[in-house]
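The structure displayed is predicted, hence computed values, not measured ones.
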Amino acid sequence: MLRRNATDSLVSLGRRNQNLVRRQIGFINKLEHEDADPATLADLFELDHLATLPHARMRSRGGPPSP
């Protein structure tokens with residue numbers, strides 16, 4: 001029973017983390033489309049890259065599928 005609760009908690013945490021990363025990427029993409037300053041865009045592209053890394057790692061390890 002304890003192992004199942006731990007597993008359920010980890011799955012829930014992973015899904016919440018994945019949803020947060022997805023929301024961050026969406027917000028960053030919105031900002032990228034609204035700004036034309038090259039320096040700001042470079043910073044936003046770096047943020048986008050950093051936000052995408054955990055999502056890609058989770059999927060490569062067989063994490064929850066994206067909806």
Side-chain angles (χ1 to χ4, degrees):
M1 184 67 168
L2 182 60
R3 183 173 290 202
R4 180 177 167 86
N5 288 340
T7 300
D8 290 346
S9 293
L10 289 173
V11 168
S12 177
L13 181 62
R15 286 187 179 139
R16 287 191 312 235
N17 186 51
Q18 187 177 33
N19 287 332
L20 177 60
V21 169
R22 197 175 294 123
R23 287 174 52 201
Q24 287 174 334
I25 292 169
F27 185 67
I28 292 167
N29 286 336
K30 177 181 170 276
L31 293 174
E32 288 171 352
H33 291 289
E34 293 175 353
D35 205 312
D37 178 53
T40 302
L41 283 174
D43 290 342
L44 290 170
F45 287 137
E46 177 73 15
L47 277 174
D48 186 56
H49 174 71
L50 293 172
T52 304
L53 288 175
H55 182 69
R57 284 187 189 129
M58 183 183 295
R59 293 190 68 205
S60 72
R61 292 181 183 154
S66 298

Query raised in the report: What heavy-atom pair brings T52 and D48 nearest, and what distance separates the two atoms?
Result: OG1-O, 2.7 Å
**Report entry** For A51 against I28, the heavy-atom pair lying closest together
**Finding:**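 Here A51 and I28 meet closest at CB-CD1, 4.2 Å.
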Value rounded to 0.5 Å, distance of [atom1] in [X] from [atom2] in [Y]:
{"X": "L13", "Y": "R15", "atom1": "CG", "atom2": "CZ", "answer": "11.5 Å"}
{"X": "H33", "Y": "L44", "atom1": "NE2", "atom2": "CG", "answer": "10.5 Å"}
{"X": "D43", "Y": "E32", "atom1": "CG", "atom2": "CD", "answer": "11.0 Å"}
{"X": "T40", "Y": "E34", "atom1": "OG1", "atom2": "CD", "answer": "12.5 Å"}

Report task. Check the hydrophobic clustering (I, L, V, M, F, W, Y; side-chain heavy atoms under 4.5 Å; chains of links allowed) and say if V21 and F27 are grouped together. Result ->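 V21 does not cluster with F27.
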Requested in this report: Step by step, work out the side chain to side chain donor-acceptor pair (under 3.5 Å) result for N19 and R16.
Outcome: CA-CA 5 Å; N19 287 332; R16 287 191 312 235; over 6 Å; no
Requested in this report: Give a yes or no on whether the backbone of D8 and the side-chain of S12 come within a donor-acceptor separation of less than 3.5 Å.
Outcome: no
